[in-house]
Each structure stands twice: as C-alpha cells, then as structure tokens.
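Here the structure is laid out as structure tokens; the discussion comes afterwards.
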There are 2 protein chains.
Amino acid sequence: MNDIKQFLRSNSLRPTKQRIVIAGYLFDGTNKHVTAESLSTELAKRKHIISLATIYNTLHDFYENGLLKKLILSSDRVYFDTNTNDHHHFYSEKDQFLIDINKNIKVNGLPKTPKNKKINKIEVIVHLDK
Amino acid sequence: MNDIKQFLRSNSLRPTKQRIVIAGYLFDGTNKHVTAESLSTELAKRKHIISLATIYNTLHDFYENGLLKKLILSSDRVYFDTNTNDHHHFYSEKDQFLIDINKNIKVNGLPKTPKNKKINKIEVIVHLDK
DNA sequence: TCAACACTTTAGAATCATTCTAAACTGATA
DNA sequence: TATCAGTTTAGAATGATTCTAAAGTGTTGA
C-alpha cells in the first residue's frame, strides 16, 4: 500500500485512491493484458467501482509514464500489457487470447530503415487460428 | 474494364458499377494501402462518388475473397493492403506512413505454438519514430 | 493543522469509425 | 424482358473512447 504510493509518486503520479487500487491490481507481480472494459470488470469483482473515465485516464497515465505497453491487435479495443520488457505475442482473435513471447526472438533480413527515420520498436505478432 | 469484370466474376463478386470503379482503382498494378476514408477521398477526386457504406461493404467483400489484406496498426482506422503476398511493414504512427517490406524476413527463436493452436500468420511491424 | 490550489475523478454528453436497416436499385437468368 | 437475388444507399444505430465542466481530494506552505 505504501509501496504502491511510493511507486506512483516515483512515477510522478499523485497516489489517489483510484490509482492505488488500479496499480495494486495491475502490478501485483503477474503480467496481465487488460482492456478498459476487462479492468473495470475485474475491479468491480473486487468491489472497487471506478468510473470508466478514470480507468481510461489511468491506463493512459500509466502508459505515458512507461508503466504499460499498448497493444493494437483488434480494431475494437486496445490492450494494455503490464509486461514492459521487450517481448512479442501469440494472438488469437477468435478466442481473444493473448500470450507473451518472452523468448529472444531474432528478426533477420530487414531492409534498411527509410530515410530520416529511426526504428522505435519491432513488433512480432503470431496470429493463431483464422 | 472487361478484364475487371472478369476479375470480379472469377472471385464470385457480381461486377457492379461501384465494384468496378473500386477494383479499377485498387488493382491498377501499384500496391496501395487504403482506409475507407482515404479510398472515398481518392475516388471522389476522380469524380466517383460512392457511398461510404458501399466502400466499407466492398473493402470487406474484397477482403473476404482474399483480394486485400487487413492491417490493424492504429486504434482509429483499419488499413487494407492490396499486396496480398506474405510481407511485413514499416509503420510510422506519427506520419501515418506505411511501407511494405517484401524482403524475406526470418523470425527465429519462436517458442512452441500454444496447445491445439495453429499459426495463421506471423506479422512483423517495424514501428518508426515514437 | 489548515487554507488554498492544482491535480483528479466523474457523470453524462460528444465523437467518430464502422455497422446496421430496410427500401430502392440492378445484374443475371430464362 | 420479367423476375429475383444480390447490391447500394441514406440515415440511424453502435460502441469504444474522449471530452466537459463541476465536484472532490492530495499536497504544500505557513
């Protein structure tokens, strides 16, 4: 609890009740993939009712501060990933199913980067099913 | 024109005026990345006014028939790619900028596929800028 | 401890890409 | 050329996300 407050403060985020609850859930040591909706549902199960607006605000605040990764895999929802290490994913659209690939993946044979551009990150998505 | 009709027919798509116009634009020999909006704009420039609903319908019809690839790169629009070969992309969110990577990319070190799942496709997105 | 204020939360409205509806239209077929 | 299934379309509906602006709350300095 106090460590969560410290954690938030050290990321220049004022430790409000809501952020403490959300951070407590997200950063409990197990990696998670959430959407605004799924997060809202999980917190509600735990009797924490937080407005959707705040959930969106908080996810973005955390994202902006590098505490979450954003994953664009489907056109109808955004996933946030608590695993901020360099990694990749198995994804099944059919089953809304997402698994981290933490193994060291190597991508070989890339052509040269377009002029005046810099590579920000290389993302590998292994699509399962059809 | 008649080849476009044939092309559509051979994909079990009735060659309507609108589909002929859209296919004529999309499959003119140069690969394109379009969104419903950008396609609508391009066609309008060429004096072809086609309702957005039809543009969406047609993009999906073409997609369902394997004439287009769908690219999910941003949460606020869907891209369709006329290059249906196995390939990857450079993408700059900042500049809405998308370039095909046709070179043979190798992805090494993948862990084993989750139980009872089959790999549909491997997608590599090289994100540029930040 | 507390006043003061900047930062947050929130309900509800707004946005915007996309899909749906159901009525009018049109290619294909006999 | 009549018929009908497949298409197109305007406009409404949807749904995730963002915005607004009013009420609430950490933080700070005295």
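Computed over heavy atoms, backbone and side chain alike; hydrogens, waters and symmetry mates excluded. Within every chain, numbering begins at 1; the chains are lettered A, B, ... in the order of the sequence lines, protein sequences first and strands thereafter.
- Under 3.5 Å, the side chains of B:H87 and B:D81 contain a donor-acceptor pair of N or O atoms.
- An OP1 or OP2 oxygen of D:dT8 is reached within less than 4.0 angstrom by no side-chain nitrogen or oxygen of B:T54.
- Atom CD1 of A:I50 and atom P of C:dA11 are 11 Å apart (whole Å).
- Between the side chain of B:S38 and the backbone N or O of B:T35 there is at least one donor-acceptor pair closer than 3.5 Å.
- With A:H60 contributing its side chain and A:Y56 its backbone, the two residues share a donor-acceptor pair below 3.5 Å.
- Of all the residues in residues 64-73 of chain A, not one reaches under 4.0 Å from DNA chain C with any non-hydrogen atom.
- Of the N and O atoms on the side chains of B:S51 and B:T54, at least one donor lies less than 3.5 Å from an acceptor on the other residue.
- Listed by residue number, B:R14, B:T16, B:Q18, B:R19 are the residues of residues 8-24 of chain B with a heavy-atom contact under 4.0 Å to DNA chain D.
- A salt bridge links A:K117 with B:D95; the closest basic N to acidic carboxylate O contact falls under 4.0 Å.
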Could you list all N or O pairs between the protein and nucleotides 28-30 of chain D that sit under 3.5 Å apart?
none

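- In this structure, A:I55 atom CD1 and C:dA11 atom P are separated by 11 Å, rounded to whole Å.
- Residues A:H127 and B:E123 have side chains that bring a donor and an acceptor to within less than 3.5 angstrom of each other.
- Rounded to an integer number of Å, the gap from A:H48 NE2 to C:dT10 P is 12 Å.
- Side-chain contact, B:D129 with A:N120: no donor N or O sits under 3.5 Å from an acceptor N or O.
- Between the side chains of A:N65 and A:N11, not a single donor N or O lies within less than 3.5 Å of an accepting N or O.
- Taking 4.5 Å as the limit, every side-chain heavy atom of A:I105 sits out of range of all side-chain heavy atoms of B:N108.
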Using the 3.5 Å cut-off, write out each protein N or O paired with an N or O of nucleotides 15-19 of chain D and the distance between them.
{"from": "D:dT17", "atom 1": "OP1", "to": "A:V78", "atom 2": "N", "distance (Å)": "2.9"}
{"from": "D:dT17", "atom 1": "OP2", "to": "A:Y56", "atom 2": "OH", "distance (Å)": "2.5"}
{"from": "D:dT17", "atom 1": "O5'", "to": "A:Y56", "atom 2": "OH", "distance (Å)": "3.2"}

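- For the pair A:L59 CG and C:dT10 P, the computed distance is 13 Å after rounding to whole Å.
- Taking atom CG of residue B:D61 and atom P of nucleotide D:dT9, one finds them 13 Å apart after rounding to whole Å.
- Listed here is the closest heavy atom pair of B:I99 and A:P114: CD1-CG, 3.7 Å.
- Salt bridge A:K121/A:D86: absent, no basic N to carboxylate O contact under 4.0 Å.
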Atom pairs and distances, side-chain donor-acceptor, residues 69-76 of chain A, under 3.5 Å, sequence neighbours left out:
{"from": "A:K69", "atom 1": "NZ", "to": "A:N85", "atom 2": "O", "distance (Å)": "3.3"}
{"from": "A:S74", "atom 1": "OG", "to": "A:D76", "atom 2": "N", "distance (Å)": "3.1"}
{"from": "A:S74", "atom 1": "OG", "to": "A:D76", "atom 2": "OD1", "distance (Å)": "2.3"}

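- Residue pairs meeting the ring-ring contact (aromatic ring centres under 6.0 Å, His included) criterion with at least one member in residues 22-44 of chain A, sequence neighbours excluded: A:F7-A:F27, A:F27-A:F62, A:H33-A:H89.
- In this structure, B:L43 atom CG and D:dT8 atom P are separated by 13 Å, rounded to whole Å.
- Nearest-nucleotide positions on DNA chain C place A:I49 closer to the 5' end than the other of B:K5 and A:I49.
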